[in-house]
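Take a look at the structure below.
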Amino acid sequence: MSPNSTIRAAWLQGPGVQCDGEVAASSSTPWRLVLLGAPGVGKGTQADLLGERLGACHLSTGDVFRAAGSRGDCEQSPAMREALGYMRSGALVPDSTVWEMVRERVGCLRCGGGFILDGFPRTLGQAESLRALLDSEGLGLTAVVNYELPVSEIVARLGGRRTCENCKTVFHVTDRPPKTEGRCDRCDGKLFQREDDRPESIKVRLKAYDLSTAPLIEFYQKAGLLVRVAATGTPDEILEITQTDLKSRRAAQLAG
Ligand code: AMP
């Protein structure tokens, strides 16, 4: 198991699970990031890569729902069963359910190693709640990265995406193929296609993004936090651009 997946256990499984203290190294200047962008733009891949580079933990709300979905029915609360129904159709899970889940995991937001939120917030209501929570904890976001890509490319990316059922690493059949077909490079877990990456769900997800999530770009622009990155090129190229932009932004913050 990679260090990051050990840390992520607390996020994926909930407040009853502790992080490995030695792995979750604190940083004097932790990165606290939000990644925005339409589904399929590559946020999950970038969150993983950035997590490795910056030492911050990749926190994906979608991964929490999928982890709950892979447990037995009787281990799921009624709210979680309802949430999984929304997820399978590609629709957004209600704010109250998502917020409950994030609030329970506030320890991951307080973590001295920092965090990279992927897939949250997704509505203005969630963004307001996050801002209030971070304010009350005396924490601030370092930046919000918005990954930008034309719709035609988004659809191609979603259709070819494959995820490891074990450590959740994301691959793509043509853009980021695993070394062995159908197996994860990191943990040799089996790769699968997400139910919500089917064409009918993709349409619903893109509509939900336009309606609910796109307005967050303006929200974070006004807050002076937005960094725009064109999500074209290889994952490593996109990572380099993101890191360069983030580091120059941080240098400017420190100088100012
Ligand atoms: P993702 O892996 O981020 O694309 O999320 C997969 C699915 O989980 C979404 O299509 C939603 O159904 C649900 N989901 C994840 N995060 C959120 C969120 N912040 N708000 C509402 N629904 C969410």
Side-chain angles (χ1 to χ4, degrees), residues 8 11-12 14 33-48 50-51 58-71 76 79-106 108-109 115-131 133-134 141 144-147 149 151 154-155 157-165 167-172 191-217 219-220 231:
R8 271 161 53 94
W11 175 256
L12 294 177
L33 303 174
V34 167
L35 305 192
L36 292 181
V41 85
K43 293 187 301 294
T45 303
Q46 289 304 313
D48 252 351
L50 279 170
H58 171 190
L59 308 180
S60 151
T61 38
D63 281 350
V64 177
F65 290 128
R66 281 182 287 278
S70 62
R71 285 183 217 124
Q76 291 161 11
M80 187 52 85
R81 273 200 289 278
E82 193 196 20
L84 294 173
Y86 284 105
M87 193 183 93
R88 287 188 190 108
S89 71
L92 290 186
V93 174
D95 278 359
S96 54
T97 310
V98 177
W99 183 240
E100 177 81 3
M101 195 183 85
V102 172
R103 222 182 26 174
E104 273 187 347
R105 291 163 171 77
V106 64
C108 294
L109 301 180
F115 58 78
I116 302 169
L117 281 169
D118 157 25
F120 178 87
R122 239 182 172 101
T123 64
L124 282 174
Q126 293 176 14
E128 297 281 11
S129 300
L130 177 67
R131 181 164 63 184
L133 179 72
L134 292 179
L141 291 173
V144 174
V145 182
N146 184 43
Y147 288 106
L149 198 68
V151 172
I154 287 175
V155 172
R157 282 198 190 181
L158 287 172
R161 185 155 74 171
R162 300 291 180 272
T163 308
C164 172
E165 65 179 12
C167 73
K168 314 298 171 212
T169 300
V170 179
F171 296 86
H172 190 279
L191 303 185
F192 71 100
Q193 180 169 38
R194 287 166 37 168
E195 269 181 286
D196 59 351
D197 280 346
R198 292 169 307 180
E200 61 277 22
S201 301
I202 290 175
K203 270 193 222 143
V204 179
R205 290 166 70 200
L206 289 177
K207 204 165 159 204
Y209 170 78
D210 272 344
L211 219 66
S212 306
T213 313
L216 294 186
I217 298 169
F219 177 89
Y220 285 119

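One-based numbering, in listed order, for ligands and for the atoms of each.
Interface of Leu92 with ligand 1, defined as ligand atoms under 4.0 Å from a residue heavy atom, comprises 21 (C), 22 (N). Within ligand 1, the atoms closer than 4.0 Å to a non-hydrogen atom of Thr61 are 15 (C), 16 (N), 17 (C), 19 (N), numbered from 1 in the order shown. Those atoms of ligand 1 with a heavy atom of Arg66 less than 4.0 angstrom away are 2 (O), 6 (C). Proximity to Gln126 (heavy-atom distance under 4.0 Å) selects the following atoms of ligand 1: 18 (C), 19 (N), 20 (N), 21 (C).
Of the candidates Arg122, Lys43, Glu195, Arg122 brings a heavy atom nearest to atom 17 (C) of ligand 1.
Ion pairing between Asp210 and Lys207 fails under the 4.0 Å rule for side-chain N and carboxylate O.
When side chains are defined from C-beta on, Glu82 counts as touching Tyr86, because their heavy atoms get closer than 4.5 Å. Residues Pro121 and Arg131 fail the side-chain proximity criterion, which asks for heavy atoms closer than 4.5 Å.
Remark: the backbone N or O of Ser212 is not paired with any side-chain donor or acceptor of Thr123 at under 3.5 angstrom. With hydrogens and angles ignored, the 3.5 Å screen pairs no side-chain donor or acceptor of Lys43 with any backbone N or O of Gly40. A donor-acceptor pair under 3.5 Å is formed between the side chain of Arg105 and the backbone N or O of Trp11.
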Using the side-chain contact (heavy atoms from CB on, under 4.5 Å) rule, take Val145 and Leu50 through it: C-alpha gap first, then chi angles, then the decisive distance, then the call.
-> CA-CA 12 Å; Val145 182; Leu50 279 170; 5.6 Å; no
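With Gln126 as the partner, the side-chain hydrogen bond (donor to acceptor under 3.5 Å, both in side chains) test is satisfied by one option alone out of Thr61, Asp95, Thr213: Asp95.
Only the side chain of Arg205 comes within 4.0 Å of ligand 1, counting heavy atoms alone; its backbone N, CA, C and O stay farther away. Heavy atoms from both the backbone and the side chain of Val93 come within less than 4.0 Å of ligand 1.
A heavy-atom separation below 4.0 Å is found between Arg194 and ligand 1. Under the 4.0 angstrom criterion for non-hydrogen atoms, Ala91 is in contact with ligand 1.
In terms of N/O distances under 3.5 Å, ligand 1 is not approached by Asp63. An N or O contact shorter than 3.5 Å links Gly119 to ligand 1 by distance.
In terms of protein heavy-atom proximity, atom 8 (O) of ligand 1 is closest to Met87 CG, 3.4 Å.
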